[in-house]
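Contents: one structure, followed by commentary.
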Amino acid sequence: MALTIAQLKDLVALNLADNSDIIPSEHRAVENALIDYLETLQPISNSNLPVNRGYITANNLATGGFEVGINVGTTLTDRLRVFGNISAIAVASSSNKSLFTVTLQNSHPNNNYIVKSWLELTPASPVILQNSADVVEPVFKIVSGNQFQIILNEANNQTQALRLHFETIGY
């Protein structure tokens with residue numbers, strides 16, 4: 001189990017103190033604790049922990065501009081912005097639907113993974129929360145070890161300003 005940041009700092013202060021006669025096992029304890037902590041941030045692909053995480057949003061312009069979020073059924077690929085472990089993104093939209101194809105930076109060893117997702121109203125948006133609540137639960141499809149599709153569907157034609165967060169978990 002990984003230590004917290006405070007516990008890591010205490011371990012480093014104790015085992016790597018100035019003028020200490022550190023023994024190899026104490027040095028290994030610090031290194032192993034750091035490795036364990038780093039794996040919680042970006043674990044290896046054959047673990048059951050998230051390998052990829054991030055979010056997708058949209059700007060008002062193809063280049064630059066400011067965040068306006070995803071509006072289901074209308075967002076264009078050239079306005080999408082990605083954060084986290086995404087190497088490519090594309091979207092195909094139709095009335096009240098947006099199908100995103102996400103290419104991951106860290107490939108899973110096989111197609112045995114799930115995509116957990118949730119939606120957030122963009123922080124600076126003037127859009128009211130009820131409009132975003134009009135979107136039904138996203139559905140995903142695994143395409144390959146490094147690619148999945150996820151669809152957003154709205155019940156009524158409302159304007160949203162969404163961030164689509166995700167993480168992948170292998171099993």
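- Scanning for ring-ring contact (aromatic ring centres under 6.0 Å, His included) contacts around F148 gives F166, with sequence neighbours left out.
- A search for ring-ring contact (aromatic ring centres under 6.0 Å, His included) contacts involving Y113 returns H108, not counting sequence neighbours.
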TODO: Starting from the C-alpha separation in whole Å, work towards a yes-or-no answer on side-chain contact (heavy atoms from CB on, under 4.5 Å) for S93 and T74.
DONE: CA-CA 6 Å; S93 295; T74 59; over 6 Å; no

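- The closest side-chain heavy-atom distance from I86 to N52 is not below 4.5 Å.
- By the rule that hydrophobic residues join a cluster once side-chain heavy atoms approach within less than 4.5 Å of another member, I151 and I89 end up as members of separate clusters.
- The same ILVMFWY cluster, assembled from side-chain heavy atoms under 4.5 Å apart, contains both V82 and L152.
- The two residues G73 and S98 make their nearest non-hydrogen contact at N-OG, 2.8 Å.
- Distance check, rounded to the nearest 0.5 Å: CG of L129 to CG of L121 gives 6.0 Å.
- Remark: the backbone N or O of F66 is paired with a side-chain donor or acceptor of N60 at under 3.5 angstrom.
- Heavy-atom minimum distance, L104 versus S87: O-OG, 3.6 Å.
- Note on I56 and V127: separate hydrophobic clusters, where clusters join Ile, Leu, Val, Met, Phe, Trp and Tyr whose side-chain heavy atoms are under 4.5 Å apart, directly or indirectly.
- Cluster note: I128 groups with no other residue, as no ILVMFWY side-chain heavy atom lies under 4.5 Å from it.
- Evaluation of the salt bridge (charged side-chain N to carboxylate O under 4.0 Å, His left out) rule for R163 yields E67, E120 as partners, not counting sequence neighbours.
- V72 is not connected to L99 by any chain of hydrophobic side-chain contacts under 4.5 Å among Ile, Leu, Val, Met, Phe, Trp and Tyr, and they are in different clusters.
- In the hydrophobic clustering of this structure, V91 groups with I150; members are Ile, Leu, Val, Met, Phe, Trp, Tyr whose side-chain heavy atoms approach within less than 4.5 Å, directly or through other members.
- Between the side chain of N110 and the backbone N or O of N112, at least one donor-acceptor pair lies under 3.5 Å.
- N85 places no side-chain N or O within donor-acceptor distance of the main-chain N or O of Q105, the cut-off being under 3.5 Å.
- Residues passing the side-chain contact (heavy atoms from CB on, under 4.5 Å) test with K116, sequence neighbours excluded: I114, W118, E167, I169.
- Here the options are T101, T103, N111, the test is side chain to side chain donor-acceptor pair (under 3.5 Å), and the partner is Q147; only T103 passes.
- A donor-acceptor contact shorter than 3.5 Å is absent between the side chain of T122 and the backbone of L162.
- Rounded to the nearest 0.5 angstrom, L76 CG and N59 CG are separated by 12.5 Å.
- In this structure, the separation between OG1 on T57 and CG on L164 is 9.5 Å, given to the nearest 0.5 Å.
- Without hydrogens or angle criteria, D134 side chain to N156 main chain gives a donor-acceptor distance under 3.5 Å.
- Applying the ring-ring contact (aromatic ring centres under 6.0 Å, His included) definition to pairs two or more places apart or across chains, none involves residues 124-143.
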